[in-house]
Amino acid sequence: MIPNAVTALALCFGLTGVSFAIGGEWEKALAAIVFAGVLDGMDGRIARLLRAQSKFGAELDSLSDNIAFGTAPALILFLWSLQTAPRFGWIAALALAVCCALRLARFNARIDAVEQPHKSAGFNTGVPAPAGAGVAFIPIYLWLITGNELFRRWELVMAWTIFIALLMISSLPTYSWSSIRIRSGWRLFALAGVALLGAALIRAPWHTLLLVGLLYLAVIPFSWASFARVKRRRASAAVPGSASGGHNPSA
């Protein structure tokens, strides 16, 4: 019950963000989606901690992610900017929602697969739904920080929305939490960094979220290069094994 309740709460926060957007309360709309992302990061860990994983919980989590990080951000971006586009604003918003659904469907289809090269190496396939929603809002962060209407132009927002939608369904390997390894000597510094990040989110939320989003996009090329190195190591390690496996001593 507890992890599923957290998942349902994340879904509710995602839809509440749409409600705030309808009223033009953009800061509250973004805050609702961000809080939904926090809850989404907690539910799986709570389920594992309580040993309460279930097929029902996995399905509910995917449905919640689709609404909170696909449908809700698409509607917020449409109400904020894309509705002013003469023809294709709604299509761009749909692209974000549909690509989020496709990404989650691909994840569910592979959940029982034995061979998952990205997952086994500690990487995601494409940009995860919560991260995709966060970086899709970068034009809104810039608008809230600067007040410059340039960042609200539908041409810029449409191109950015489609770009993020494509990243979500791409096959790019991206870092996951399981790929992060902190050495014991650095753990206190990591804890201090998390505390400072929390303080920054409270004092300057949009500047902080903008910086986090840009850093996330900046490390994607490094994650791709890192996974390429893992593939090369695996390939070189497999060659001696396959050669010895094919040798017949009695021949």
Side-chain angles (χ1 to χ4, degrees), residues 3 7 10 33-34 36-49 53 55 57-59 61-66 68-70 73 95-96 98-138 160 162-184 186-187 189-190 193-194 197 209 211-239 241-242:
T7 302
I33 302 298
V34 170
V38 173
L39 293 173
D40 180 72
M42 293 171 55
D43 58 3
R45 286 162 179 78
I46 292 174
R48 287 188 289 273
L49 181 65
Q53 300 101 316
K55 185 68 173 177
E59 294 296 332
D61 185 67
S62 288
L63 291 171
S64 173
D65 286 357
N66 187 29
F69 309 119
L96 185 65
V98 170
C99 287
C100 182
L102 291 174
R103 188 199 184 283
L104 292 168
R106 179 177 64 185
F107 176 83
N108 288 344
R110 295 178 178 178
I111 198 167
D112 295 324
V114 175
E115 180 62 25
Q116 295 190 59
H118 289 173
K119 185 178 180 180
S120 62
F123 293 83
N124 294 312
T125 303
V127 173
V135 295
F137 287 148
I138 282 179
W160 184 256
I162 294 174
F163 171 65
I164 299 302
L166 294 176
L167 282 181
M168 293 175 77
I169 61 171
S170 71
S171 296
L172 284 172
T174 56
Y175 288 121
S176 69
W177 288 110
S178 61
S179 64
I180 299 176
R181 298 288 185 271
I182 301 175
R183 296 179 180 178
S184 57
W186 288 91
R187 287 175 185 171
F189 294 100
V194 171
L197 177 63
L209 289 171
L211 179 61
V212 170
L214 292 176
L215 284 175
Y216 180 83
L217 292 174
V219 301
I220 289 179
F222 296 96
S223 65
W224 178 82
S226 179
F227 181 72
R229 288 195 297 270
V230 172
K231 283 182 64 178
R232 287 195 296 270
R233 284 199 300 267
R234 287 182 172 181
S236 61
V239 169
S242 60

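All figures in this text were calculated on a predicted structure; none of them were measured in a lab.
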Do L104 and C100 come close enough that some side-chain heavy atom pair is under 4.5 Å?
yes

If you compare all heavy atoms of G213 against all heavy atoms of V135, which two are closest, and at what distance to 0.1 Å?
O-CG1, 3.8 Å

Heavy-atom closest pair (A10 atom, A68 atom, distance to 0.1 Å) is O-CB, 3.9 Å

Evaluate the side-chain proximity of P128 to F107: yes if any heavy-atom separation is below 4.5 Å, no if none is.
no

How long is the span from the CG atom in L102 to the CE atom in M168, to the nearest 0.5 Å?
10.0 Å

For the atom pair CH2 (W224) and CZ (R229), what is the distance rounded to the nearest 0.5 Å?
10.5 Å

Please round to the nearest 0.5 Å and tell me the distance separating atom CD1 of I164 and atom CG of L217.
5.5 Å

Would you check, one step at a time, whether the test side-chain contact (heavy atoms from CB on, under 4.5 Å) holds for T174 with L167?
CA-CA 10 Å; T174 56; L167 282 181; over 6 Å; no

Under 4.5 Å between any side-chain heavy atoms of N124 and R103, yes or no?
yes

Checking the side chain of S223 only, and the main-chain atoms of I220 only, is there a donor and an acceptor separated by less than 3.5 Å?
yes

Can you tell me how far the CD1 atom of I138 sits from the CG atom of L214, to the nearest 0.5 Å?
4.5 Å

Grab the two heavy atoms, one from A165 and one from A95, that are nearest each other, plus how far apart they are.
CB-O, 3.7 Å

Check F123 against S176 and note the closest heavy-atom contact, atom names and distance.
N-OG, 3.9 Å

Check: S171 main-chain N/O paired with T125 side-chain donor or acceptor under 3.5 Å
no

With rounding to the nearest 0.5 angstrom, report the CG to CD1 distance, D40 to I33.
11.5 Å

Expected output: side-chain S64 to main-chain T7 donor-acceptor under 3.5 Å
yes

Which atom names give the shortest non-hydrogen contact between R106 and I169, and what distance separates them?
NH1-O, 3.1 Å

